[in-house]
Amino acid sequence: MSSMASAITAPALTSAAAPAAGRALRHRRRLRRADLLTVVAWASAALAVAMYLTHGVALAGIGDLLTAGGIVAGLVGSDLVLVMLVLAARVPLIDRTIGHDRAMAVHRQLGKPAFYLLLAHGVLLTLGYAWADRANIVAETASLIGAQDMPIAYLSLGLFVAVIVTSLVAVRRKLRYEVWHLIHLLSYAAVLTALPHQFSQGTVFAADTPQRVYWIALYVLALGAIVTFRFVEPAVQSMRHRIVVDRVERIAPDAISIHLRGRDLDRLGAQGGQFFTWRFWTGRTWWHAHPLSLSSVPTSRTARITVRELGDGTRALQASLRHGTPVTFEGPYGIFTDAARGRERVAVFAAGIGVTPARALLERLDAGRGMVSVIVRASDPRSLFLWDEILRLCQDRGWNAWVSIGRRGSGSSSWLSAADAHRGVSMRSAFPHLDDSEVYICGPDSWADAVEHEAHHRGVASAHIHRERFEL
Amino acid sequence: MSTRGTLGGVFASAAVLIIGWQIGAAALGHPATTTSTGPTGATAGSGSNGAPTSGSSGSGSGSPASSTLKDGTFTGASVQTPYGEVQVSIVVASGRISDVATPTLQAYDGRSERINSQAVPLLKREVLQAQSAKVSMISGATFTSRGYLTSLQSALDKAA
């Protein structure tokens with residue numbers, strides 16, 4: 001237990017001081033911590049059900065079975081919703097352990113099961129009660145809606161429907177991010193409107209039971225994490241560091257670097273490869289939060305981010321940002337970092353605007369000559385961003401760097417340009433030590449999938465592959 | 001999620017659930033407590049929370065309950081049902097049950113509370129009429145009825 005606690009609270013070792021053994025140990029500890037968090041999440045749901053079971057459960061007939069099923073579905077569903085809240089709360093422990101994007105991937109995976117459980121909760125209890133009362137379902141529903149706090153519980157279910165349906169991949173693609181996000185914020189309302197009926201109707205908050213204490217603790221933990229890490233902490237940090245736009249630099253026909261200025265930016269604790277969610281306070285841009293990676297590690301006074309103008313939001317930036325535009329932020333997030341590394345050798349794959357975190361990662365990577373290989377891909381020379389900087393970094397330190405420009409090939413080399421694949425370049429030829437390397441991948445999803453697939457095929461375990469996902 | 005983490009989660013959950021189930025089965029297996037109260041004189045309501053005497057209520061279920069009852073207030077054992085604890089006390093005056101009360105009537109959820117509030121007055125009326133625990137269960141409130149009548153019987157046993 002004490003070794004666990006020290007792993008969590010110890011400040012990150014500076015990479016220069018970390019010998020290879022220390023790196024491998026830290027990596028193993030992080031994986032163990034991830035497993036422990038998984039166990040805690042499972043157990044939180046099991047404990048909720050077990051506490052209900054300690055009363056003894058009546059299972060005398062079909063009505064009882066339906067009712068018990070409905071209660072268990074509600075308990076597990078509520079617990080999953082709280083786990084989802086915690087995963088979305090940007091809790092530093094979780095971010096350092098599995099990374100923000102992984103946390104959000106799990107958050108998304110839990111969405112549908114949680115929703116089905118909450119629906120089942122409503123349906124099974126209605127059926128179970130109707131069976132016991134020998135009433136029809138319409139009459140039973142009417143009597144349920146009539147009970148204390150039940151009208152807003154039905155409202156809560158409706159809100160959950162709205163949140164989940166708009167988050168289904170097919171629906172979400174059709175919505176603007178802002179519309180989706182606004183609807184997604186309704187999940188807070190959904191959680192809060194479900195609460196009263198859990199107190200007055202549910203077994204969850206029955207007076208004088210350990211269940212009540214347990215659930216109140218869960219709710220305080222989840223909502224407290226949201227308030228602390230999504231609202232209070234970012235506000236305090238934004239006020240403390242007072243970041244403003246210094247200047248906007250066009251680096252390509254469709255990409256800009258935003259140079260920022262602020263106080264004590266080296267004390268943000270940002271590592272190369274991490275990202276922040278930025279908000280630029282001009283009339284046209286304030287309502288849009290941009291998740292953007294640092295493209296160089298902050299100094300005490302300056303930081304830099306690089307943006308590809310892909311949508312309306314990012315296009316508005318260049319036109320709107322001025323010297324002195326105030327900037328607020330949440331972060332730093334992500335484990336696309338040297339600290340998350342478990343092996344001495346490093347292989348970096350970057351494509352398109354995915355070079356930004358790779359560029360910042362390389363800046364502070366602690367590795368000897370010949371230990372790092374970097375490949376940067378672009379569909380055409382104009383979308384080859386920050387290449388000169390990456391090349392210079394690699395040349396200075398004796399690392400290998402290549403580019404692969406042109407249309408993507410097919411088959412196992414589809415992550416390369418067709419021309420490079422044709423002349424026989426492969427993952428084996430470019431990265432002969434890949435199976436003994438820490439692999440960092442950042443770029444468009446379909447391309448990154450191809451790289452990851454090939455890396456797996458070459459024997460790299462998932463624990464040594466790091467991806468930063470740009471596309472949500 | 002790693003396989004190790006998932007398996008750990010599954011086994012931890014299974015263990016927690018089994019423990020919960022075992023505790024629940026044990027709780028339903030027998031009355032939760034065997035607190036009982038001796039006769040406290042003819043004054044109704046006085047000392048239904050009197051000093052507990054050890055031991056359970058013993059045999060005697062189904063014993064005739066008419067004129068052989070001692071006067072006083074008698075509190076039955078507290079009975080655990082899946083929906084909460086039930087405990088019944090009776091007031092005996094001139095050898096007859098003159099009042100029935102439920103010092104403990106727990107409901108874990110809102111629905112059980114509503115069911116109890118309908119069933120308990122009906123049970124009370126039937127008991128006062130029958131002057132015994134041999135009354136029919138209230139349909140839709142089987143567990144509450146069973147718990148109520150079990151506790152009632154243990155109160156009657158003490159009054160016998």
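A note on names: the letters A, B, ... follow the listed sequences, proteins ahead of strands, and every chain is numbered from 1.
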Q: Looking at A:L144, A:D133, A:D149, which one has more heavy-atom pairs under 4.5 Å with chain B than the rest?
A: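 Sorted descending by pairs with chain B, the first entry is A:D133.
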
Q: Counting only non-hydrogen atoms closer than 4.5 Å, does B:T81 touch chain A with its backbone (N, CA, C, O), its side chain (CB onward), both, or neither?
A: backbone

Q: Hey, is NE2 on A:H457 packed in by over 12 heavy atoms from elsewhere, all under 6.0 Å?
A: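 No, NE2 of A:H457 has 12 or fewer neighbouring heavy atoms, counting only those of other groups under 6.0 Å.
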
Q: What's the spacing between A:L47 CG and B:I19 CD1 if we round to 0.5 Å?
A: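 The distance works out to 9.5 Å.
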
Q: In terms of heavy-atom contacts, does CD1 of A:I145 have more than 12 from other residues, nucleotides or ligands at under 6.0 Å?
A: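 More than 12 heavy atoms, drawn from other residues, nucleotides or ligands, come within 6.0 Å of this atom.
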
Q: So which residue, A:A45, A:A43, A:G56, ends up with the most heavy-atom pairs under 4.5 Å with chain B?
A: A:G56

Q: CG of B:D109 to NE2 of A:H55: how many Å apart, nearest 0.5 Å?
A: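 Rounded to the nearest 0.5 Å, the CG-NE2 separation comes to 9.5 Å.
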
Q: With no hydrogens and no angle check, just 3.5 Å: does a side-chain donor-acceptor pair link B:R114 and A:Q201?
A: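 There is such a pair (donor and acceptor under 3.5 Å, judged by atom type) between the side chains of B:R114 and A:Q201.
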
Q: In Å and rounded to the nearest 0.5 Å, what is the OG1 to CZ distance from A:T67 to B:R111?
A: 6.5 Å

Q: Do A:L53 and B:L17 touch side chain to side chain, with heavy atoms closer than 4.5 Å?
A: yes

Q: Could you walk me through whether A:W42 and B:T6 pass the side-chain contact (heavy atoms from CB on, under 4.5 Å) test, one step at a time?
A: CA-CA 8 Å; A:W42 275 84; B:T6 309; 4.1 Å; yes

Q: I need the minimum non-hydrogen distance between B:R4 and A:R32, along with the two atoms involved.
A: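 B:R4 and A:R32 have their closest heavy atoms at NH2-CA, 3.5 Å.
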
Q: So for B:F11, is it side chain, backbone, both, or neither that comes closer than 4.5 Å to the heavy atoms of chain A?
A: neither

Q: Report the distance from atom CG of A:D64 to atom OG1 of B:T142, rounding to the nearest 0.5 Å.
A: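 Result: 8.0 Å between the selected atoms.
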
Q: Return the minimal non-hydrogen interatomic distance between B:V16 and A:A50, and the atom names on each side.
A: O-CB, 3.4 Å

